[in-house]
Amino acid sequence: MTRLLDSKNTIVYGGGGIGGGVARTFAREGARVFLAGRTREKLEAIAADIRDHGGSADVAVVDVLDGNAVDEHAAAVVAEAGSIDATFLAVGRGDVQGTPLIDMTADDVTRAATNGLLSTFHTSRAAARQMAKQGSGAILTLTSATAAFPSAGMGSTGPADAAVESFMQTLAHEVGPQGVRVAVLWSAGVVETLTRESIAQAGVDIDPAQVIEMISGQSMLGRAPRLQQVADTAAFLASDRATGITATVVNVTSGLVAR
């Protein structure tokens, strides 16, 4: 049986919960996965799991805020595999939530937007240059719905999401004629990634179970999104079955927002 990503070479930036889930699903669907991120141990654990299940995974330590490092890694992938067929970006940005905007510092407000825009720019640029030569490819990243549906307490997340989504829309217009597709996945409160540690990184002190309960109560499907649902959506968007899709946001929030 043909899998969604047979013979595809993919780069997944970020070894956290969502990045790891997408990497495993890409491999399950037949892709060769090149994992890139700052923490080798985390990446190696994902790669080992992929290999244990019969998949192919390579690991490289790459700081996505370093454009030269990203370019060098992309060139190494092409030299090794011959192409870059899809990329997925899911790295931490340093979002600050739970603090009123008027009580934030300038760094609190700008850090996530700066990190998010730079990481998106560096990784998308490296991929798009290669994909344009190939005449095909998919560039994917992840945001929440906060830019389109702002609410009190979400802090720097909305501005960061807005910057990333605007960049991706512009990029889609520019690289579309070369056959390169661009899409953003919206997801918020993915069950498997909600831990006290991950929530605390945004400056919020709340029990993950409360967050899941709140999302489930507000979503149309009556549940919070699961990691596999996000990963399956990313795999579809990366595949040739989605070649009519670009310049869009795909809503994987279980109906937490209506768009």
Side-chain angles (χ1 to χ4, degrees), residues 4 12-29 42 45-46 49 88-101 104 108 112-113 116 140-165 168 183-239 242 245 248-259:
L4 277 176
V12 175
Y13 297 99
I18 293 179
V22 168
R24 291 181 175 92
T25 299
F26 278 8
R28 185 196 68 201
E29 292 293 344
K42 189 179 294 184
I46 298 167
D49 185 49
F88 182 85
L89 174 65
V91 298
R93 306 180 303 197
D95 293 52
V96 177
Q97 299 174 359
T99 300
L101 290 172
M104 287 187 176
D108 287 339
L140 310 174
T141 193
L142 185 76
T143 65
S144 69
T146 307
F149 299 92
S151 61
M154 292 307 294
S156 65
T157 297
D161 284 353
V164 169
E165 290 171 18
M168 294 289 275
V184 176
L185 283 77
W186 269 354
S187 196
V190 178
V191 172
E192 291 85 349
T193 68
L194 285 173
T195 64
R196 280 198 177 275
E197 180 183 13
S198 66
I199 294 172
Q201 287 175 350
V204 181
D205 182 17
I206 187 172
D207 186 343
Q210 288 181 264
V211 178
I212 295 170
E213 182 179 2
M214 177 186 68
I215 293 172
S216 299
Q218 294 177 355
S219 71
M220 296 177 209
L221 296 177
R223 59 178 183 266
R226 305 299 299 237
L227 178 56
Q228 193 60 61
Q229 294 164 345
V230 176
D232 285 341
T233 303
F236 171 74
L237 290 172
S239 76
I245 298 174
T248 193
V249 171
V250 179
N251 185 342
V252 200
T253 66
S254 291
L256 182 62
V257 294
R259 187 170 114 184

Test side chain to side chain contact (heavy atoms under 4.5 Å, CB included) on M154 and F149 and set out the steps. CA-CA 10 Å; M154 292 307 294; F149 299 92; over 6 Å; no
Carefully, step by step, assess L101 and M104 under the rule side chain to side chain contact (heavy atoms under 4.5 Å, CB included). CA-CA 5 Å; L101 290 172; M104 287 187 176; 4.0 Å; yes
What pair of heavy atoms forms the shortest contact from T141 to M168, and how long is it? CG2-CE, 3.6 Å
Taking atom CD of Q228 as the centre, report whether more than 12 heavy atoms of other residues, nucleotides or ligands fall under 6.0 Å from it. yes
Looking only at heavy atoms, what is the nearest atom pair of E192 and L227, with distance? OE1-N, 2.9 Å
Does the T253 side chain pair with the main chain of A188, one donor and one acceptor, at a distance under 3.5 Å? no
Heavy-atom pair with the smallest gap, counting every atom of S156 and D95: OG-CA, 3.6 Å
Side-chain (N251) to main-chain (R259) donor-acceptor, under 3.5 angstrom: yes
Tightest non-hydrogen contact, residues M220 and V257, listed as CE-O, 4.0 Å
Rounded to the nearest 0.5 Å, the CD atom of Q229 sits from the CG atom of L221 at a distance of 8.0 Å
Go through it in stages, so that I can follow the logic: the residues are V250 and L237, the test is side chain to side chain contact (heavy atoms under 4.5 Å, CB included), and I'd like the CA-CA distance, side-chain angles, deciding distance and then a yes or no. CA-CA 9 Å; V250 179; L237 290 172; 3.8 Å; yes
Between atom OG1 of T248 and atom CH2 of W186, what is the distance when rounded to the nearest 0.5 Å? 9.5 Å
When you look at V12 and R24, which way does the side chain to side chain contact (heavy atoms under 4.5 Å, CB included) test go after all the steps? CA-CA 10 Å; V12 175; R24 291 181 175 92; over 6 Å; no
Polar side-chain atom of D161 near backbone of S144 as donor-acceptor pair, under 3.5 Å: yes
From L256 CG over to I215 CD1, what is the distance, rounded to the nearest 0.5 angstrom? 6.0 Å
Only residue of V190, L185, V252 satisfying side chain to side chain contact (heavy atoms under 4.5 Å, CB included) with L142 is L185
G189 and L194: which non-hydrogen atoms are nearest, and at how many Å? O-CD1, 3.6 Å
Please check: side-chain N/O of S239 versus main-chain N/O of F236, any donor-acceptor pairing under 3.5 Å? yes
Tell me the closest heavy-atom pair linking T25 and A231, and the distance in Å. OG1-CB, 3.2 Å
Atom pair OG1 (T195) and CD (E197), whose distance is rounded to the nearest 0.5 Å: 5.5 Å
Sub-3.5 Å donor-acceptor pair from the side chain of S219 to the main-chain atoms of A224, do we have one? no
Pairwise distance CG(L4) to CZ(R28) - rounded to 0.5 angstrom: 8.5 Å
Please round to the nearest 0.5 Å and tell me the distance separating atom CD of Q97 and atom CD1 of I206. 11.0 Å
